[in-house]
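Take a look at the structure below.
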Amino acid sequence: MVHVSVLVPIYNVKRYLRQCLDSLAAQTLEDIEFICIDDGSTDGCSEILDDYAARDARFRVIHKANSGYGASMNVGLRAARGMYVGIVESDDFAAPEMFAALFAAADAAHVDVVKSNYWEIADGKRTFTEVLRGHAYGKVFCPRREEAAFLFETPSIWSCLYRRAFLLEQGICFNETPGASYQDTSFAFLTKAYAERFLLVKNAYLHYRTDNASSSVRSTGKIFAVIDEYDAVQRHLEAHRLAEHAVLCELSARLFYQNFGFTESRIPTSMYTTFWRRGYPKLKAAQEQGVFHEDLGESMEAWMMQRYLFYQTAWLLRDGFLTVCRLASKRYLYGAGQVAAAMLKFFHRHGIEADGLLVSKREGNPPSIDDVPVHVLADAPADREHDLVVIAVTPKRPEVQQEIFFQLEQAGYRNVIVLTRELQEALA
């Protein structure tokens, strides 16, 4: 009988893969299997995996087309045969005794989930991370009934063992959104929310790498992932109602609120508008349903309102700018650098034609950018009374923008828009 199935999702991590697989091969637990899910790697990971599987029967390799972390993990869950399921990310590695120790603790206490602390690895240094500090070690408990605050702890889903029958009975799996960002959020919340018997151990076994520059945790590309995870939790809570349904709705909304701030801190300010346009209505709806606990008080309302005002103002700026540009008889951009090139792409996305680019002198400037001609200001064919000019130089240099504005004004241009920092963020 297989005691533990370890799921290893892999996508283009050749640099770290052998260390991860070697740490699994060294596990002291008998009756263990390692299910390696290759999500369409193109850097040689596939060959490494096949080599390990050929030499060690405990390794099972599943090669699949690239479909993202969540889909890969669900493929692994379906293939697992163990009493318990563990997870090791392919750029991390495990202590030799990890799964023997966790299985012994889980099996002795008959728990749904056992969770440990972990080591952080950065620049060759190892740091003990006691993410479970403040919670009772060695005591079996039900998180939703006995320790609701535990549901807000760092996910770290790879420092756990999960009873496979528990996952199947509760229908818990991963949200299959594209890529590899944040899909641990809903899985971590649901395993804590539905577990009847949960156990914490103080020791650390998993070595979590924080110095991988290409790690998905650093991704800003999937800014809506936290919203997708919240939606997945809500769907599951509705489909698998427990007696504590109302409490879990409140807890999930509070986690959503907490993760919003976390996500906001990781994305460029230029993405705020897009992020809040989709996210604010969900937070507001949760608030109106009364699921937020009173102890959040006015601070949450102020926090939401501050960002909503930013969102509202930014979209008014964006819509107003687009309207003015579309109504203009002709449109010119002042500048021929990266900001002007980005503005040309913005115009193109919105079906707006730029009639030319303006510069103060010919030297050092190209004759055209993306087939849009570059004109010296003194010789430009623009109608200075009616045509629109957007000063498309970096708002990081407002003194330069101001100088250009005065130059255009003295030259007789009457319709000038300055690309301020606020407008640039609104247009992002």
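The backbone N or O of L423 sits less than 3.5 Å from a side-chain atom of T420, completing a donor-acceptor pair. The main-chain N or O of A193 is found under 3.5 Å from a side-chain atom of R144 such that the two form a donor-acceptor pair. Side-chain N or O atoms of D92 include none that pairs as donor or acceptor with a backbone N or O of V88 at under 3.5 Å. Under the 3.5 Å distance criterion, the side-chain polar atoms of S41 are left unmatched by any main-chain donor or acceptor of S46. Looking only at distances, a side-chain donor or acceptor of Q401 sits under 3.5 Å from a matching main-chain atom of V393. Side-chain atoms of H350 never come within 3.5 Å of backbone atoms of H348 as a donor-acceptor pair (strictly under, hydrogens ignored). In this structure a side-chain-to-backbone donor-acceptor pair under 3.5 Å is present from Q27 to A95. Judged by distance alone, the side chain of N12 and the main-chain N or O of T42 form a donor-acceptor pair under 3.5 Å. Although no hydrogens or angles enter the test, the distance criterion places a donor-acceptor pair under 3.5 Å between the side chain of H236 and the main chain of Q170. A donor-acceptor pair is defined here as one N or O able to donate and one able to accept, closer than 3.5 Å; no such pair exists between the side chain of D387 and the backbone of S329.
Rounding to the nearest 0.5 angstrom, the gap separating the CG atom in L408 from the CD1 atom in I391 is 5.0 Å. The distance from atom NZ of K202 to atom CG of L132, rounded to the nearest 0.5 Å, is 10.5 Å.
Under the 3.5 Å distance criterion, with hydrogens and angles disregarded, a donor-acceptor pair is assigned to the side chains of E89 and Y69.
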Given D51 and R55, is the salt bridge (charged side-chain N to carboxylate O under 4.0 Å, His left out) satisfied, shown in steps? CA-CA 6 Å; D51 177 56; R55 292 187 284 111; 3.0 Å; yes
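Using a 4.5 Å heavy-atom cutoff, the side chains of E229 and N175 are in contact. A heavy-atom distance below 4.5 Å is found between the side chains of L21 and L49. A 4.5 Å side-chain heavy-atom check between L102 and S116 finds at least one atom pair inside the cut-off. Counting heavy atoms from C-beta on, the side chains of L251 and L255 never come closer than 4.5 Å. Put simply, the side chain of H63 reaches to within 4.5 Å of the side chain of D50, judged on heavy atoms.
Under the side-chain contact (heavy atoms from CB on, under 4.5 Å) criterion, P373 pairs with H375, sequence neighbours left out. Applying the ring pair (Phe, Tyr, Trp, His ring centres under 6.0 Å) criterion to Y413, with sequence neighbours excluded, gives no partner residue.
Test F189, Y230, F152 against F256 for ring pair (Phe, Tyr, Trp, His ring centres under 6.0 Å) and you get one pass: Y230. The only member of Y118, F93, W119 that meets ring pair (Phe, Tyr, Trp, His ring centres under 6.0 Å) when paired with Y208 is Y118.
At least one cation-pi condition fails for K115 and F198: the charged atom is not both under 6.0 angstrom from the six-membered ring centre and inside a 45 degree cone around its axis.
For the pair F347 and R331, the tightest heavy-atom approach, listed with the atom from each and the gap, is CE2-CB, 4.4 Å.
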